[in-house]
There are 2 protein chains.
Amino acid sequence: MKPLLLYVEDDVNLSFVTKDNLELAQFQVVHCTNGLDAWRCFERQPFDLCILDVMLPQSDGFTLARQIRQIDAEIPMLFLSARADKDDRLQGLRLGADDYMTKPFSIEELILKINVFLRRRKPPVSAGSCQTIGLYQFNFQNLTLEKDGQLQTLTHREAEVLHYLMKRPNTLIRRDEILKTIWGDDDYFMGRSLDVFISRLRKRLGHDPSIRIENLHGIGFRFLF
Amino acid sequence: MKPLLLYVEDDVNLSFVTKDNLELAQFQVVHCTNGLDAWRCFERQPFDLCILDVMLPQSDGFTLARQIRQIDAEIPMLFLSARADKDDRLQGLRLGADDYMTKPFSIEELILKINVFLRRRKPPVSAGSCQTIGLYQFNFQNLTLEKDGQLQTLTHREAEVLHYLMKRPNTLIRRDEILKTIWGDDDYFMGRSLDVFISRLRKRLGHDPSIRIENLHGIGFRFLF
DNA sequence: GAATGGTTGTTAACGAGATGTTAATGAGTT
DNA sequence: AACTCATTAACATCTCGTTAACAACCATTC
């Protein structure tokens with residue numbers, strides 16, 4: 001799963017290039033141009049790291065940082081600033097920034113520093129990201145499927161198939177496509193195997209009637225929820 | 001307990017001032033003037049953080065950093081350098097440095113940065129600290145596992161495996177990951193060895209039914225408590 | 001709509017390989 | 001020589017993807 005970054009920067013040209021580069025480096029980036037928007041984003045979803053420009057229209061970077069720190073004492077924050085002076089840097093660090101880069105900065109260095117802090121991030125209590133399907137929580141990394149406290153452990157193949165279906169809900173997924181991807185090939189027996197797994201998954205998800213795995217005769221399946 | 005810093009720097013005047021300031025800031029500092037001495041110090045006792053000058057007589061800072069990283073993948077490292085150029089900084093970061101400061105640096109900034117990384121350090125399991133698992137107290141350093149007065153002494157390998165499992169409770173931990181980390185490689189016999197240790201640990205933890213080491217067939221284990 | 005041929009749903013059985021466990025081995029220490 | 005401990009061996013047991021078997025279903029043809 002790609003790390004999710006919150007990038008706040010009002011310079012349109014710079015932010016365009018930077019975001020592009022970060023995405024190339026396999027990060028997922030949400031970009032905001034001012035502190036207010038950034039704050040709304042931050043409240044809406046959990047990020048892995050923040051990159052904040054110090055000079056921002058409406059609420060400067062420091063204010064935003066303070067707000068964020070109040071909610072999340074752990075999230076790594078990198079500051080960007082055009083001003084290089086010492087007091088600025090010190091204030092940033094005192095506010096709970098983890099590093100302070102001066103513009104113009106090297107994108108490569110930024111990426112390395114991001115990785116420093118992602119590496120140092122304390123492992124979440126129960127690692128791996130969950131996906132929600134109806135009443136269930138599916139954790140692909142941990143092979144778990146949870147419904148109000150009840151934990152099922154899936155087998156490797158079960159998790160693979162479920163994961164594949166979940167990536168494309170409510171659309172037609174061809175049999176041969178699944179087989180090629182997960183089994184690596186497509187023959188009669190693999191097809192039968194797939195059917196067995198579909199059947200097992202239906203049973204595992206059976207307690208939520210809003211979830212269905214529909215068969216389209218001769219073509220494939222549709223995962224509905 | 002004051003954090004213990006390893007400070008490697010050959011400039012006598014600078015190091016004198018810096019060490020003094022760091023001690024004022026409530027750090028305990030071991031200062032070495034060259035890479036060889038530093039390496040000997042590092043092997044002798046566990047440090048909380050390293051501050052390395054890049055230019056050193058006998059083995060430069062980068063070489064030292066590489067050596068240190070091989071033994072300890074976690075310890076935070078800050079580089080100091082008179083050279084400010086970008087390639088130098090990048091090389092440092094790639095080598096596993098956490099930050100790179102250019103001389104002359106502000107001592108206050110150094111202290112703030114040290115604190116950033118000490119704060120981010122994963123909670124030390126070393127240094128004789130105990131971890132509680134259910135009814136047990138596990139001390140990785142002393143290889144002891146205690147339950148209401150009853151003391152068991154683990155072997156080195158047993159402790160390593162338990163330690164690794166405890167770092168990530170309730171998550172799937174892959175076999176190959178454990179083997180790569182603890183045994184350094186992953187072949188059939190090492191795998192069997194791991195199974196033997198899992199079995200022994202289960203027996204040692206057997207008096208607390210709330211602790212379980214679950215196997216996920218073909219993939220790894222889950223340490224539940 | 002009955003017959004046919006292919007597809008899918010479901011359950012059970014199978015078996016290769018993974019794991020659990022105990023004991024034997026042998027290298028290194030005391 | 002006695003001891004410690006990781007590894008290897010040996011054997012028992014378990015798991016899970018596959019295969020089998022049969023029933024239900026669908027589409028097409030007569």
Side-chain angles (χ1 to χ4, degrees), chain A residues 140 142-145 152-165 172-206 209 211-224, chain B residues 140 142-145 151-165 172-207 209 211-224:
Chain A
F140 180 51
N142 286 354
L143 309 182
T144 56
L145 190 62
Q152 306 187 56
T153 303
L154 307 186
T155 72
H156 184 232
R157 268 274 195 274
E158 283 172 349
E160 277 186 312
V161 175
L162 180 54
H163 186 237
Y164 197 88
L165 294 178
L172 165 61
I173 306 175
R174 304 174 54 83
R175 290 180 74 85
D176 54 4
E177 194 189 317
I178 305 177
L179 289 169
K180 281 273 194 223
T181 313
I182 297 184
W183 273 263
D185 202 351
D186 166 10
D187 71 10
Y188 171 77
F189 288 112
M190 290 169 175
R192 295 321 334 271
S193 217
L194 170 58
D195 289 323
V196 172
F197 280 103
I198 294 286
S199 171
R200 288 179 184 162
L201 284 177
R202 282 191 180 120
K203 199 179 285 181
R204 302 205 101 125
L205 294 166
I211 303 172
R212 273 177 307 148
I213 303 177
E214 253 185 23
N215 173 255
L216 304 186
H217 196 88
I219 308 180
F221 298 93
R222 197 154 49 187
F223 181 70
L224 298 166
Chain B
F140 180 51
N142 297 347
L143 309 180
T144 56
L145 189 63
L151 198 78
Q152 306 187 56
T153 305
L154 307 186
T155 71
H156 183 235
R157 270 273 194 272
E158 284 172 348
E160 276 186 312
V161 175
L162 180 55
H163 181 231
Y164 197 88
L165 294 177
L172 167 58
I173 305 175
R174 305 178 59 84
R175 291 180 76 84
D176 53 7
E177 197 188 313
I178 305 177
L179 289 169
K180 280 268 195 240
T181 313
I182 298 185
W183 273 263
D185 201 352
D186 167 10
D187 71 10
Y188 171 78
F189 288 111
M190 290 169 175
R192 295 321 332 272
S193 214
L194 170 59
D195 288 323
V196 172
F197 282 102
I198 294 286
S199 173
R200 289 180 186 157
L201 285 176
R202 283 196 180 114
K203 200 178 285 180
R204 304 205 100 125
L205 295 166
H207 297 286
I211 303 173
R212 272 178 307 148
I213 302 177
E214 253 185 23
N215 171 254
L216 303 195
H217 196 89
I219 307 182
F221 296 93
R222 201 157 44 187
F223 182 73
L224 298 166

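Quick note on labels: first sequence line is chain A, next is B, and so on, each numbered from 1. All values reported here derive from a predicted model rather than from experimental measurement.
Note on W183(B): a side-chain N or O is less than 4.0 Å away from OP1 or OP2 of dT7(D). Between R200(B) and the phosphate of dC5(D), there is no side-chain N or O to OP1/OP2 separation shorter than 4.0 Å.
Taking atom CG on L201(B) and atom P on dA6(D), their separation rounds to 11 Å, with Å as the unit. Across the protein-nucleic acid pair, D195(B) atom CG and dT8(D) atom C1' stand 13 Å apart, rounded to whole Å. For the pair L162(B) CG and dA6(D) C1', the interatomic distance rounds to 17 Å; values are reported in whole Å. One interatomic measurement links the two molecules: CZ of R175(A) to P of dC26(D), which rounds to 15 Å at whole-angstrom precision. Atom CD of E158(B) and atom P of dA6(D) are 7 Å apart (whole Å). If you take CZ of R157(A) and P of dG17(D), they are 7 Å apart, rounded to a whole angstrom. We find that CE of M190(A) is positioned 14 Å from P of dA20(D), with the value rounded to whole Å. In this entry the distance linking CZ of F221(A) with C1' of dC26(D) reads 14 Å, nearest Å.
Under the 3.5 Å distance criterion, the side-chain polar atoms of N215(B) are matched with a main-chain donor or acceptor of G220(B). In this structure a side-chain-to-backbone donor-acceptor pair under 3.5 Å is missing from E160(B) to I182(B). Under the 3.5 Å distance criterion, the side-chain polar atoms of T181(B) are matched with a main-chain donor or acceptor of E177(B). R222(A) contributes no side-chain N or O that, together with a main-chain N or O of L216(A), makes up a donor-acceptor pair within less than 3.5 Å.
In terms of position on DNA chain D, the residue among L216(B) and H156(B) whose nearest nucleotide sits closer to the 5' end is H156(B). Nearer the 5' end of DNA chain D, as judged by each residue's closest nucleotide, is the contact made by R192(B), out of R192(B) and S193(A).
Remark: R200(A) does not engage E158(A) in a salt bridge, criterion side-chain N to carboxylate O under 4.0 Å.
Across all their heavy atoms, F197(B) and V161(B) have their closest contact at CB-CG2, 4.4 Å. Across all their heavy atoms, L194(B) and W183(B) have their closest contact at CA-CH2, 3.9 Å.
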Got a list of protein N/O to nucleotides 12-15 of chain D N/O distances below 3.5 Å?
unit_1: dT15(D); atom_1: O4'; unit_2: H217(B); atom_2: ND1; d: 3.2

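In R202(A), the CZ atom is crowded: over 12 heavy atoms of neighbouring residues, nucleotides or ligands sit closer than 6.0 Å.
First and last contacting nucleotides of DNA chain C toward chain A (any atom under 4.0 angstrom from a heavy atom, 5' to 3' order): dG6(C) to dT11(C).
Contacts of Y188(A) with the nucleic acid, taken as non-hydrogen atoms under 4.0 Å apart, are absent.
The aromatic rings of H163(B) and F140(B) lie parallel to each other, their planes meeting at an angle below 30°, with 60° marking the opposite boundary.
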